[in-house]
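Side-chain atoms are counted along with the backbone in the values below, which use heavy atoms only and exclude waters and symmetry mates. Protein chains get the first letters and strands the later ones, always in sequence-line order, with residue 1 at the start of each.
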Protein chains: 2
Amino acid sequence: MSRPTIAAVARAAGVSVASVSRVLNGLPATEEMAKRVQRAVAELGYVPDSRARSLKVGRTFQLTLAVADVGNPVYVTMMRAVEEVVSAAGYRLVVTTTGPDVVDEVALVRGMARGYADGLVISPLRVDDDLIKSIQECDVPVVVAGNVPAKAGVDTVRANSPKGILLAVEHLLTTHRHKVAFINGPVDTVPGTARAKGFTDAMKANSLQPVAQVEAEDFTFAAGRKAGGELLDHSTDLDAVIAANDLLAVGVMHELAARGLRVPDDVAVIGMDDSELAEQTFPPLTSVNLGSAERGRRAAELLLARIEDDTRTPRRIVVQPSLSVRRSS
Amino acid sequence: MSRPTIAAVARAAGVSVASVSRVLNGLPATEEMAKRVQRAVAELGYVPDSRARSLKVGRTFQLTLAVADVGNPVYVTMMRAVEEVVSAAGYRLVVTTTGPDVVDEVALVRGMARGYADGLVISPLRVDDDLIKSIQECDVPVVVAGNVPAKAGVDTVRANSPKGILLAVEHLLTTHRHKVAFINGPVDTVPGTARAKGFTDAMKANSLQPVAQVEAEDFTFAAGRKAGGELLDHSTDLDAVIAANDLLAVGVMHELAARGLRVPDDVAVIGMDDSELAEQTFPPLTSVNLGSAERGRRAAELLLARIEDDTRTPRRIVVQPSLSVRRSS
DNA sequence: ATGAAAGCGCTAACAG
DNA sequence: CTGTTAGCGCTTTCAT
């Protein structure tokens, strides 16, 4: 038994489909009319078909947030922020996972093209020309939470991770830590590149020589632990490590513990993202707050604005970092 | 400039829209025809409109997973499992958040009714008659990952948390811990109820007297910490605490540490869910594995099966727990 | 093998 | 204020 359509409701109420549609959309109608329609709707358990509706009006009232890995706590912060903004604006938010590969990101943007949602916020791990092209060609607005070249002409809101790393390095100096190592994620990713450069610059700016710099396989806990192992196999003389995100940081904290090194007494550890994990771990993790919540909020606002007016010139927002000092440093 | 439609492609290729549709859907056509269509598609950058398509064929090839809180790591485990199964079956998975209230859950199921997706896996925190009714009336299949009455006649896959708690209690006995307290989440939730009963039964079965039983405000880290504080304010003589999920467990671990109590030396801590957080925290958390991954997988399979055949009798799967012993106990 | 045309369920002119 | 009707973009008979 199939669902009732608007025609069934109209028949049941003894009115035209147009009138049903009007009542449902709050357009002017007599008391009497509204009553009849509402009763018929209730009786039949009628629910409008969102596809048909959006096919006609051209909008789905759905927005998509695409992230690389739902297991990364930084994304839950961002998700919460985006959700808050878009639902206040009357949109439903759905989240999808892209995975780590560009091709999947491109496929997502392409597929988004028609009908799935009215807009997309994407936080890509890797960016290439294909991705940028697919974003430009996408017929629904997309804003990227991350870094793409200015000439791409797309709305972006990104973090300032070099500045964030500078904050971390300076904090370490303040606490008399000079022998600092860096655990990065893959350098062929957008955040990986930015952080590699940021670390190098920050060290140079403070006339510090890096103890070591190791590249984890991805931005996960397991990779962090493994990279921490590699680091400690080679460099024993260090008193601080900065990790490219919180998951990585927690991974090295475990490896440190496994080798009998205490945090922060022997080695200070600083993460990045200041995600919920940072306060949940033990000791609580000092972490560079890259403004994930604000980035999510701003990205959502940008998206909403562009849906409103597609002709506005693309904006590039960068949100500034701060340091959340906890007990690991 | 609006997107090309199938009509534009047909015009560009000098063929009929029907032929374009056929080629795109892999139906028989001459080489020549296929070539022309494909070139036109490529030139115009044509992407089919999924709404129009699904309006016609009645399917969206999209499935939805609805969870209460994306910040709860147990859901990421489940999400990953669901994703794997449904994407292998050619569906796209989207995730939405319901929040903690039943009304929102109901609204979601109702709204799902037409056009958003071909099916729904929902993991409800709270269940009432309205929710069950909306699930039964929903015109797309929905399977619930959680506990609803058998008479509701819906596909479910749930955990056996009483059994899980029994495992935890027995493990504590083995390690000579007898003074055990329980931190539960809200008892007006599905998992809260099950776990309250499970704890009481497990203690009774082992002739143990609970030291205390406190109810946190929700299943979050912050609530766990707060509840831990309440617990420790009143009960000083305890050597183990079981928490209703990992987030809660980590919260009490922090409160324990704040009061100078060591884990596991002074107090053993056991969580539930065996989420990624359990191995990330320090010391790594012993946790009852409630089979989140398997539940996700089975739920997805059930959904797929029901989409295939809506007449099959509802199944109720329960997956058995195991204990992941780590260093916190 | 291909084209013409009907229609999926809905909204928005346009009449009345 | 209400009803009739033309499509939104697509797939799918039904002819050819």
Measure from the side-chain heavy atoms of [X] and tell me the nearest of [options].
| X | options | result |
| --- | --- | --- |
| T5(A) | dG9(C), dC10(D), dT2(C) | dG9(C) |
| V17(A) | dT2(D), dT5(D), dC10(D) | dT5(D) |
| R22(B) | dT2(C), dA1(C), dC10(D) | dT2(C) |

Between [N] and [X], is there an OP1 or OP2 to side-chain N/O distance shorter than 4.0 Å?
| X | N | value |
| --- | --- | --- |
| T30(B) | dT2(C) | yes |
| S21(A) | dC10(C) | no |
| S16(B) | dA4(C) | no |

Close side-chain approach of [X] and [Y], heavy atoms under 4.5 Å:
| X | Y | answer |
| --- | --- | --- |
| L304(A) | Y91(A) | yes |
| P100(A) | D218(A) | no |
| I122(B) | V144(B) | yes |

ask   = What nucleic acid atoms does A18(A) come within less than 4.0 Å of, heavy atoms only: base, sugar-phosphate, or nothing?
value = base
> So how far is it from T97(A) OG1 to R92(B) CZ, rounded to the nearest 0.5 Å?
Replying inline: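 Going from OG1 on T97(A) over to CZ on R92(B), the span is 11.0 Å.
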| request: Kindly compute the distance separating CD (Q62(B)) from OG1 (T96(A)), expressed to the nearest 0.5 Å. | output: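 Result: 9.0 Å between the selected atoms.
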[N] [atom2] sits how many Å from [X] [atom1], rounded?
| X | N | atom1 | atom2 | answer |
| --- | --- | --- | --- | --- |
| N25(B) | dA1(C) | CG | P | 16 Å |
| I6(B) | dA6(C) | CD1 | P | 18 Å |
| L24(A) | dG9(C) | CG | C1' | 13 Å |
| Y116(B) | dC10(C) | OH | P | 13 Å |

| request: Please list residues of residues 49-62 of chain A whose heavy atoms come under 4.0 Å from any atom in DNA chain D, ordered by number; otherwise none. | output: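 Output list: L55(A), K56(A).
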For D155(A) and P314(A), the nearest pair of non-hydrogen atoms, with its separation, is OD1-CA, 3.4 Å
*asked:* Going by the rule side chain to side chain donor-acceptor pair (under 3.5 Å), which residues pair with N147(A) if we only count those two or more places apart in sequence or in a different chain?
replied: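 Per chain and number, N147(A) pairs via side chain to side chain donor-acceptor pair (under 3.5 Å) with no residue.
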